[in-house]
Each structure stands twice: as structure tokens, then as C-alpha cells.
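In the text below, chain A, chain B and the rest are named by the order of the sequence lines, each starting its count at 1. Values below: all heavy atoms of this structure, side chains included; hydrogens, waters and symmetry mates excluded.
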Number of protein chains: 2
Amino acid sequence: MSTINIQILADTLNISKSTVSKALRDSHEISKETKKKVKELAAKMNYSPNPYASSLRKKKSRTIAVVMPEIADSFFSLAINGIQSVAEKKGYHVLIYLSHEKYTNEKKILGEVRNGRVDGILISISKETKNEEPIDKILAAGVPVVFFDRELESVHTASVTTNDYECGYVAAKLLLQKGCRRLLFISHSASLPICKKREAGFRMALLDAGCPEKKGQVIYGTDNEKSNYQLIKKSLAAKQRPDAILASVEKIAIQVYIAAQELGLKIPEELKVLAFSNLETAPILNPSLTTVTQPAFEIGKSAATILFKGIEKKHFRLENERVIIPSVLIERRSTSI
Amino acid sequence: MSTINIQILADTLNISKSTVSKALRDSHEISKETKKKVKELAAKMNYSPNPYASSLRKKKSRTIAVVMPEIADSFFSLAINGIQSVAEKKGYHVLIYLSHEKYTNEKKILGEVRNGRVDGILISISKETKNEEPIDKILAAGVPVVFFDRELESVHTASVTTNDYECGYVAAKLLLQKGCRRLLFISHSASLPICKKREAGFRMALLDAGCPEKKGQVIYGTDNEKSNYQLIKKSLAAKQRPDAILASVEKIAIQVYIAAQELGLKIPEELKVLAFSNLETAPILNPSLTTVTQPAFEIGKSAATILFKGIEKKHFRLENERVIIPSVLIERRSTSI
DNA sequence: TTACATTACGAAACCGGTTTCGTAAATAAA
DNA sequence: TTTATTTACGAAACCGGTTTCGTAATGTAA
């Protein structure tokens, strides 16, 4: 903790601390000579004002919070990159919180950022989250909130998402076009809006193609990679095994590859695979993976941009901002005929 | 910004704010009944104390900063995970800063966390960083700093790294054992200690194997993926092309795969590849990639643990802490004979 | 009954800035 | 020359907590 403060500067120069404060922030009330003296001394003494003292008085923290389920995931790291790029330009600091997909963690986190710690919040909700109360409390406290990717639809605030329904539809359609008939959608959540939309698109594509609804055409993974692996392996080892898998997230796709490899199932000949994924390695997988690639960086960037509007413009109506940035389907070998 | 503060609680209950403050923190000076009243009202009003007011008085922010070159990289996201897991348990908040491999960015960031904003700093330096001044200033201000992965050796403080020299040696040795003779080490920096150590280990293995030192056996990549791709492609297209590549970082390995694919060079038959990498997809690449896998999570966890010792124990001597957590060589198909 | 200790609380200082407001001195306008 | 205005600065309040210290009321020991 630096022991040098504005009072020391003032005493050293035999002026008042108000003068120092104003001089450092280029107030018109202060003469050029005084400003020069003050700034030189400040530089010499490596003085930098305590941000919390300033925050207390100004009621602005110049800090935002990013609340996410996890970080070791291509989508989320790219999204943070996008968020950070905007925050950096604006001169804001970024606090990172991980819910680890638990509602209770998320609730606790949200309780800790409701009290002036941050000027705004970007959040991608946990799988478990259904209750809007923690977020509503934040909004009630006047702190702007923007959802990115995973939203809670019942909360009236801005969101930046991608066209999940369409992507689910298009992905399933591609698999159908490639001649697959026993499609399996492996989702990482039965309740998250993004997953439900992808699932709905998937189901609709099957209906449109005249495929009868079958039970077991959608299964739900967990957060545990091993149990997902078991689940997938079991499903791929069944007599009536799927001939195509659509994975809702990259972590599941990886387990599908491993399970298929383990079982000696050839992709794409015996099993086609398509995944929602931001894996940089998709083009060099064995075989290269067809993906629905989300604009992760742009989602982060756009969400942050909207958040800053909400922070800086008092009468900006966040709840009217519902941005949808389309994902891109990139065909690769894992779905070739 | 929540408008409800300790004064409002006090007024509502017709007691003083000192009593409220003490009651909320279970001071022995306050009677059970008063504590109960205060806590109930606080809960009812969703009161949560302003952390910056508290920080100002206590001279503790319960916040740490993590300064890294980038975040969209498996190593760094896993490291953050490790850091976060410790911070969470300790009840600390985590600020994330990205230097984007630029010294000037890093310097600016370090200037902004020297003033009470954080109680400690975890840093992995940028490629460009050679000057210890910004970090020394922080240490001089009494803020503990711990390096993780990328350290600045001239600064006297704690560091958590991996056994880079040995890994460089072992990796090269493996490639030699597989019959390769024209090894190429592609490094992402000529100056970073971790890269220099890996390179030194690599060179030593070649010497020990009686391979004459050749120029061009080590080349240096940039931060730009396209230019790395060009560099690699050029090198692989040369007459005397390498028969094995050791990549110092996963981003480079990916470009090697893409370039080899583009040139129709078969891995591992015509080119063996080994990379320092934390890619989750290493086992399912085409072909699966032999890696030196760094204990990213553990490095983050260990660095954070040491940092908190430095924060909490006044007389803990950080400069004596030099932890080295070994990496693991995992053989896969990309180096098979 | 007196002296001393304990309990429970409030007033005020404090952390380190920012902001408001008052004012002396210098300058401009009348 | 007098009055109005501008310039440049300082004193003090303020942000919202925490902490120190003083003290009235009650309890306990001598």
C-alpha cells in the first residue's frame, strides 16, 4: 500500500490538497505554473491517486464485473477478449467471477457487486439459474446489467445472443442432407434458453424433413467430462446407435470424438459430427470438425458496448436492446459423405 | 448505485452508525438483541456495505490483479481457473488485465494497480518486457507480486514456473530418438526466460546427441498467426526442410498442422511435431499431438497461494519462493515412427 | 456502602480523495 | 478612481464505512 497520498504532495509544496487535486485533473481554476509544479512532483514521487477514495466521492468505480459459468472454454475466453477490448478503451477495470454453473455461487457473486463495487455487469447465467431475483435486485439498485450468450429471458434488460434456433435448424438440416436419419442432439442443459432454442431448431428440422419424433433423440450432458464420456459411449454402443451427433458445446464434441475413437467408429463414414464450437483446432481435428461457430469476440464486444451506453447515458433504455449476432456454419470433414 | 447505506439503517433503528457497523460484524461490544435487529433490517433492505469505503479505512481491498499477455490460450485460461479457485476460497476479488504482449500496456496497467486498488499482483510478463522498473515500483509500494510462468528474473520476488529447460531437452531428445535429424524449434520469443530455457534445453539435447549446431535450427514467431503461418510454410517448403518441429506454444503448433496439411506433408511420417501445449484437443487432432503439457491450473493455484501468504503474513519473504512444477511429456501419434 | 469492572453504546476522527463555497489579489470596465 | 469581474487558491464538507475513545448504566467485589 503506497504511503504517499495527496496530503503529502500538498505539504511538500506548501499548498492545499484541494489545489493538488484540481491541478492533477487540469482544473481551470489552477494556474499553469502550479499545475506544472504539482504534476512534476507527482511524477517524481510516483504518486497515483487512490481509486477507492475517488470512487467513494464520485460514486463511480470505473469497474465492471463479468460473471460467467467458466473460463476454460473457447467461447468464454474469446468473449472476455471482446469485453476487455472495449473496457480497455473506456479506461474501465474488469472483475472476473465464475459461477461454476451453480446458482448459489452466482447469487453470492451478484450480492457482492450490488454495493457500488462496479458500475455495470455482464453476465452469462449458470445452467441452474431460473430465479431472476438476484439480477432484479441489482437492476433495482440502479446497476445496469447486460446478458451475453446465456440470458434469463424473464429479466427486462439488454442481451446479446446469437441465432440459436436457426443454427439448430440449419445444423440438423445439414446432417439430414448428408443422408443421416438417426440424429442425436447432445445438449449441455435442458433449461438454458440457448440450449432450448438450439434444441427447438433441431427438432423442427427433423419435423420438416418428415422424421418422426423419437424419444432419445435429445440427451443432456452434465458438467462432468467423464460422465459425459460414459453417456456418449453408451449411446454410441447401442444397437440403434445414432448416425449423426449434434453437440451443443465443444466440450461434448471432444468427448464424442474420443468415444468414437475408442469404439473404432469412423467419423464421418459411420458417424457424422457437428458441434457448436469456437475451437481453434476444429480445422485440424481428426477429422476436421464441422462447426456452428459463434461470434464470441463480437458478442463480448457488443455486450460491453451496450453496457457502457447504459452506464454513461442516464436515460438509455437497456431493456430495448436485444442484439442477435448470427453464427456461422462451417462445413468440414466430420460431416462429409 | 444502491442508495441505502449504513446511516439509513442507523436512523431507521434510532441507533448510531457505529453500532450498526459493529453489529454487522459481530463485535462483542454489541448486545445480542441489537445485533439481531440490525441484521434483520439489513437483510430486509438488501443492504451490503460499500466495499470501497471499507477498503479506504482498512487499507485492504480484498482484490488481486492478474496481468497476462492474453487470455484466449489454454494455458492462461486454465491458470486463471487455478487462481480463481484460490481467490474464491479466500474471499478475494480478481481483476483481469491483458498486456497483449506489449510492454507499454503492461507498464500502464501496473501503474494503475500501485495505488491501493489491489492487495497483490500475479503477473506473467509480456514478450517485450525487459525493464524491471514498473514491477520494482510496485514492490517498493509494498504490494506483493508473484510471477507465474513468465517471470522477469532480475526482479526479486516469488515465481511459479515449470521445468522449461528439462522439457526442452526431453522433447528434443524424443524427436532425436525417433530418428529425426533436422530438428527445428519454433519459439514465440527470443527473450522470454521460459522460451530461452526451452531453447537451451533443445540445443543441449542436440549437442549431447552429437548433432552439429546449425543456423536456422531455431526460428522465432510473432503474435500474428498469419505471419507465423507464412514463416512455417516457407520453412517446410524449403529443400532442406526440417523433419521435426518443436513448437514452443500451442498457437504455433496449430499453424504447423495447417501448413503441413496445406503442403500435403504427412505427420508423423514426413514430419514429426511436438508442442508445448495445454490443448484439450491434443488427443483428437489429426494426428493426435505429442505435447509437453504444463500444469497450468496448478501453476495458477500455487502462485495465488503464495501471493496470499505474502498478503496475509507481514513477514513472509516472497523472494525466497521459487516454485517449479514439472510439466509432463505425453507421447501421441505426431511423433510416432 | 464504596470501589472497581463490565457491558453496550455513541460521538467523532479517520481513510484519501473530490467538490463546494468563500475570498484575497489582480485585472478589467465604468 | 471606483466598481465589477476574473483568477487562483484554501477551508471544510463530503463519500460510507471503521475504529478509537469516552461514558452511562449495570454488575461485582471489598
Rounded to the nearest Å, what distance is computed from the [atom1] atom of residue [X] to the [atom2] atom of nucleotide [N]?
X: A/Lys59; N: D/dG17; atom1: NZ; atom2: C1'; answer: 12 Å
X: A/His28; N: D/dT6; atom1: NE2; atom2: P; answer: 12 Å
X: B/Asn50; N: D/dC14; atom1: CG; atom2: P; answer: 18 Å
X: A/Gln7; N: C/dT18; atom1: CD; atom2: C1'; answer: 14 Å
X: B/Glu33; N: C/dA8; atom1: CD; atom2: P; answer: 8 Å
X: A/Leu56; N: C/dT19; atom1: CG; atom2: P; answer: 12 Å
X: A/Ile30; N: C/dT18; atom1: CD1; atom2: C1'; answer: 13 Å
X: A/Asn14; N: D/dC9; atom1: CG; atom2: P; answer: 13 Å

Scan for side chain to side chain donor-acceptor pair (under 3.5 Å) pairs involving residues 11-20 of chain A, sequence neighbours excluded, and state none if there are none.
A/Gln7-A/Asp11, A/Ser16-A/Ser18, A/Ser16-A/Thr19
Any side-chain to backbone donor/acceptor pair from A/Arg117 onto A/Glu112? Under 3.5 Å, distance only.
yes
Donor-acceptor contact below 3.5 Å, side chain A/Ser77 vs main chain A/Asp73:
yes
Please determine if [X] and [Y] form a salt bridge, counting it only when a charged side-chain N lies under 4.0 Å from a carboxylate O.
X: A/Lys309; Y: A/Glu321; answer: no
X: A/Glu40; Y: A/Lys36; answer: yes
X: A/Lys137; Y: A/Glu133; answer: yes

Checking contacts here: which listed nucleotide (C/dA8, D/dC14, C/dG16) is nearest the side-chain heavy atoms of B/Ser31?
C/dA8
Does a side-chain N or O of [X] approach OP1 or OP2 of [N] to a distance below 4.0 Å, or not?
X: B/Ser16; N: C/dG10; answer: yes
X: A/Tyr52; N: D/dT18; answer: no
X: A/Tyr47; N: C/dG16; answer: no

Scan A/Thr34 against the nucleic acid and name what it touches under 4.0 Å (heavy atoms): base, sugar-phosphate only, or nothing.
sugar-phosphate
Contacts table for residues 296-305 of chain B: side-chain donor-acceptor under 3.5 angstrom, sequence neighbours left out:
from, atom 1, to, atom 2, distance (Å)
B/Thr305, OG1, B/Lys301, O, 2.7

Comparing A/Lys35 and B/Arg57 on DNA chain D - which has the more 5′ nearest nucleotide:
A/Lys35
Which residue lies more 5' along DNA chain D, comparing B/Ser54 with B/Glu29 via nearest heavy atoms
B/Ser54
Using a 4.0 Å cut-off on heavy atoms, which residues in residues 18-27 of chain B reach DNA chain C? List them by number, or say none.
B/Ser18, B/Thr19, B/Lys22
Indicate, yes or no, whether a donor-acceptor pair under 3.5 Å links the base of D/dG17 to the side chain of B/Lys17.
yes
With distance as the sole criterion, is a donor-acceptor pair present between the side chains of B/Ser154 and B/Glu132 under 3.5 Å?
yes
Residue list, ring-ring contact (aromatic ring centres under 6.0 Å, His included) with B/Tyr92, at least two apart or on another chain:
B/Phe308
Using ring-ring contact (aromatic ring centres under 6.0 Å, His included) as the criterion, list what pairs up with A/Tyr97, not counting sequence neighbours.
B/His93
Could you give the angle between the helix axes at the two ends of the helix from C/dT1-D/dA30 to C/dA30-D/dT1, with five pairs per end, rounded to 10 degrees?
50°
